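Reviewing the structure listed below.
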Amino acid sequence: MAPQNLLVQKKEHYAIVTINRPDKLNALNNLTVAELYEVMKALANDDSIRAIILTGSGEKAFVAGADISEISQKDEISGELFALKGQRVFRFIEQMAKPVIAAVNGYALGGGCELAMACHLRISSTRAKFGQPEINLGLIPGYGGTQRLPRLIGRSNALYLLLTGEMIDAHRAYELGLVSEVVEPEQLLERAETLAKIITEKPIIATRFILKAVDEGLELPLDAALNLEAKLFGKICDTEDMKEGTRAFLEKRKPEFKGR
Ligand code: COA
């Protein structure tokens, strides 16, 4: 069945997933989170798709947060389950073997900022605004904000945003390293698609190993992480793509990667 709150568009080697509740600024209600999980799982298993762009519908918002009307009904047990469920979906995205690019077109607040942070790359429109305003609601982030934000922009900058609930614009997000580039709103999707195309032309096993080395390695002590890198480096040396890539360089020609 087609999702109610998501649009999924497949291009040649990548897909664009649009969160589509513009009248609620694409706030993540229970159904949207469940649909996001199903759609991302299907794309993870779709061999024709090698990168995914995640964006929000309308001009105003990427995602303005988890749905506050749903949160307002939670108690201790249901609140914890709510957080665990969203975290599981975001962690699935973060651990996908295909790069996921957040094209942040507007407000990325609370769960929206957390969703963008779970993606592998983040590019932003000049119109976007970022923040973790949960504290203004008597809440704390529940979809990974207290953990991914300090890992991405450092403890001090993260605590500033978490404790003040302040919104920052795209240029400040760029300065803090929260996004890797800022473009005009009308260029956002085009730039995201260009990035997706660049990535889908790269050898697929190397892409997968880089995602794995960074995701797993970041949580390991340095020596164990370096060991993981060496293991993956060894494995990649046994691939046809590595032989082809190095041979093509030496023969001064363009490589033809086969994903083997
Ligand atoms: N959950 C549920 N509904 C939300 C929402 C959210 N996180 N964010 C926006 N909406 C809804 C509004 O309730 C409103 O619905 P209505 O038209 O039925 O009243 C609609 O989206 C438009 O939002 P509105 O507040 O009127 O737009 P605005 O331009 O005046 O303000 C924001 C935009 C983003 C500043 C404001 O919507 C906001 O602060 N949202 C909540 C952000 C937040 O705290 N997120 C963390 C949640 S844990």
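Order of appearance sets the numbers: ligands from 1, and atoms from 1 within every ligand. All of these numbers come straight from a predicted model, not from anything done at the bench.
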#### Entry: Per-residue contact class, Pro133 against ligand 1 - non-hydrogen pairs under 4.0 Å
side chain

Provide, to 0.1 Å, the distance between [atom] and the closest protein heavy atom, together with that atom's residue and name.
atom	value
atom 5 (C) of ligand 1	Ala27 CB, 4.0 Å
atom 2 (C) of ligand 1	Ile68 N, 3.4 Å
atom 10 (N) of ligand 1	Lys24 O, 3.8 Å
atom 45 (N) of ligand 1	Ala64 O, 3.0 Å

### His13 (side chain) donor-acceptor with Thr200 (main chain) under 3.5 angstrom
no

### Task
Examine distances only and state if a side-chain atom of Lys258 and a backbone atom of Asp241 form a donor-acceptor pair shorter than 3.5 Å.
no

### Residue that, paired with Arg148, satisfies salt bridge (Lys or Arg N to Asp or Glu O under 4.0 Å) out of Glu219, Glu94, Glu114
Glu94

Hey, is [atom] touched by any protein heavy atom at less than 4.0 Å?
atom	answer
atom 30 (O) of ligand 1	no
atom 26 (O) of ligand 1	no
atom 12 (C) of ligand 1	no
atom 16 (P) of ligand 1	yes
atom 37 (O) of ligand 1	yes

Carboxylate-amine/guanidinium contact [X] [Y], below 4.0 Å:
X	Y	result
Asp169	Arg127	no
Asp238	Lys243	no
Glu244	Arg253	yes

Report, in ascending order of atom number, the atoms of ligand 1 lying under 4.0 Å from any heavy atom of [X].
X	answer
Leu109	34 (C), 42 (C)
Asp67	1 (N), 2 (C)
Lys60	27 (O), 28 (P), 29 (O)

### Task
State, with a plain yes or no, whether a side-chain heavy atom of Leu159 is found less than 4.5 Å away from one of Pro150.
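Not touching, per the 4.5 Å side-chain cut-off.
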
#### Entry: ligand 1 contact by Asp23, heavy-atom criterion under 4.0 angstrom
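Right, Asp23 reaches ligand 1.
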
#### Entry: Option with minimal heavy-atom separation from atom 48 (S) of ligand 1, where the choices are Met167, Lys129, Glu134, Glu70
Glu134

### Message
Judged on heavy-atom distance to atom 22 (C) of ligand 1, which of Asn29, Asn136, Leu25 sits nearest?
### Response
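Result: the heavy atom closest to atom 22 (C) of ligand 1 is in Leu25.
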
### Query
Looking at Phe62 versus Phe130, is the centre-to-centre ring distance below 6.0 Å?
no

